[in-house]
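Contents: one structure, followed by commentary.
Fair warning: this is a prediction, and the values are worked out from it, not measured in the lab. All heavy atoms count here, side chains included; hydrogens, waters and symmetry mates do not.
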Amino acid sequence: MLSTIADYTRLTNDLGKSMTQVAQEPDVSRETDYFLSHIGNVKTIDDFLKDYRLYSYAMKAYGLSDMTYAKAFMRKVLTEGISDKDAFANKLTDTRYRQFATAFNFAALGDQATQAAAATTGTATQYVTQTMEEKAGDQNEGLRLALYFTRKASTITNAYQILADKALTQVVQTAMGWPATISSSDIDVQAKMITDKIDLTDFQDPTKVTKFVQRFAAMWDATQAQSDTSTNPALVLIAGAATSVSMDTNVLTTLQNIKFNR
């Protein structure tokens, strides 16, 4: 029943093998080969933004595909860099922009920016990871969210970073059993809810992150199971109306055994 936990365990137990399989897929391999063989020729931000294939690859690698169209916005991110605390990327709550500006640090390195490992193999690794998560999501959205949270957890230092990222927000809300409707509440109220219930420093501990993700996965699967039951007319007739508001005993036992220690 707990397919998200099973799939998550399978993937993460041999993450290297999982990533290698994705990296060797023809479309991924083709785009990565192009990126690695051409990124070194990029000397300026203009060069970078003009080569859509390179630029879109990099944007996907850092989870920013939906902002690929916003070249003026990304130009500002890259132009100001990350050295100055008042730089544009440093003022944005979403840390992905800071990571992007760090990898492609034209502000500090000039025409040598694309020679850095972060801009080459580092970005390629990010791309493969992002692709693996997306493919996982094609089969199980909960698995994609679990993998994403695991990757991002160590970068979380405050509640507002969670609230600025829809995927992180969904994981936290699901794990804590909070309804999605709380997202309409005042953001400061939401932030306080998070810090009152979760010690964010725990996300620096891989063991505690794993426990939190297991808690999320169990809650996700339980919620999906309830949804499937409550929307299936045949099951409703057989099990009765109570089925849609009660959890399977095995699920409850699992949830009770997965404790997130603060």
Side-chain angles (χ1 to χ4, degrees), residues 15-16 18-137 144 147-148 150-157 160-161 164-168:
L15 193 57
S18 299
M19 288 187 63
T20 297
Q21 290 175 338
V22 172
Q24 291 176 342
E25 293 179 3
D27 56 336
V28 177
S29 177
R30 181 173 58 252
E31 291 307 308
T32 298
D33 286 346
Y34 178 85
F35 179 82
L36 291 176
S37 62
H38 289 80
I39 190 62
N41 299 326
V42 171
K43 302 300 181 185
T44 67
I45 295 173
D46 281 339
D47 291 343
F48 190 33
L49 297 178
K50 285 178 182 176
D51 190 324
Y52 183 80
R53 196 170 173 185
L54 288 178
Y55 169 60
S56 61
Y57 180 100
M59 291 292 281
K60 177 177 177 177
Y62 289 90
L64 295 170
S65 288
D66 59 341
M67 288 294 287
T68 302
Y69 74 93
K71 288 189 176 182
F73 183 94
M74 295 308 299
R75 182 188 298 279
K76 187 172 178 62
V77 168
L78 293 170
T79 299
E80 296 191 16
I82 44 92
S83 297
D84 189 332
K85 65 180 179 63
D86 291 324
F88 185 53
N90 290 334
K91 289 184 176 181
L92 298 171
T93 305
D94 192 332
T95 59
R96 291 176 298 177
Y97 297 104
R98 191 153 57 250
Q99 292 165 358
F100 191 86
T102 299
F104 300 97
N105 200 349
F106 290 96
L109 302 177
D111 62 5
Q112 296 301 304
T114 59
Q115 306 300 315
T120 55
T121 54
T123 297
T125 299
Q126 288 276 104
Y127 183 90
V128 172
T129 302
Q130 187 77 22
T131 303
M132 181 183 70
E133 291 172 5
E134 289 180 2
K135 289 181 179 294
R144 183 190 71 81
L147 291 169
Y148 179 76
T150 300
R151 177 163 61 89
K152 300 289 289 185
S154 64
T155 69
I156 299 171
T157 58
Y160 294 98
Q161 290 174 333
D165 187 314
K166 290 181 180 179
L168 295 181

How about Y52: does its OH atom have over 12 heavy atoms from other parts shown lying under 6.0 Å from it?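 It does not: Y52 OH has 12 such atoms or fewer within range.
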Atom NZ of residue position K43 - does it have more than 12 heavy atoms of other residues, nucleotides or ligands inside 6.0 Å? yes
Gap separating the [atom1] atom of [X] from the [atom2] atom of [Y], nearest 0.5 angstrom:
X    : Y    : atom1 : atom2 : answer
Q126 : T121 : CD    : OG1   : 11.0 Å
F106 : D47  : CZ    : CG    : 7.5 Å
I39  : L54  : CD1   : CG    : 5.0 Å
T155 : D165 : OG1   : CG    : 8.5 Å

Student check: side-chain heavy atoms of [X] and [Y] closer than 4.5 Å:
X    : Y    : result
E80  : N90  : no
L109 : F104 : no
R75  : I45  : yes
T120 : Q115 : no
V42  : H38  : no
R53  : E31  : yes
Y55  : T68  : yes

Quick check: closest heavy atoms across [X] and [Y], and the distance to 0.1 Å?
X   : Y   : result
L49 : K71 : O-NZ, 2.8 Å
M74 : L64 : CE-CD1, 4.2 Å
A89 : I82 : CB-CG2, 4.3 Å
A87 : G81 : CB-O, 3.3 Å

Does [X] use its side chain to pair, donor to acceptor, with the backbone of [Y] at less than 3.5 Å?
X    : Y    : answer
R96  : G63  : yes
T32  : S29  : no
T95  : R98  : no
Y127 : K60  : no
N105 : A113 : no
T93  : A164 : no

Any side-chain donor paired with an acceptor under 3.5 Å for Y57 and D51?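 No, because no side-chain N or O of Y57 sits under 3.5 Å from a partner of the opposite role on D51.
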How about T123 and Y62: does a side-chain donor come under 3.5 Å of a side-chain acceptor? yes
Residue pair R151, L147: steps toward the side chain to side chain contact (heavy atoms under 4.5 Å, CB included) verdict: CA-CA 6 Å; R151 177 163 61 89; L147 291 169; over 6 Å; no
Centroid separation Y97 to F88 less than 6.0 Å: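 So the answer is no for these two rings.
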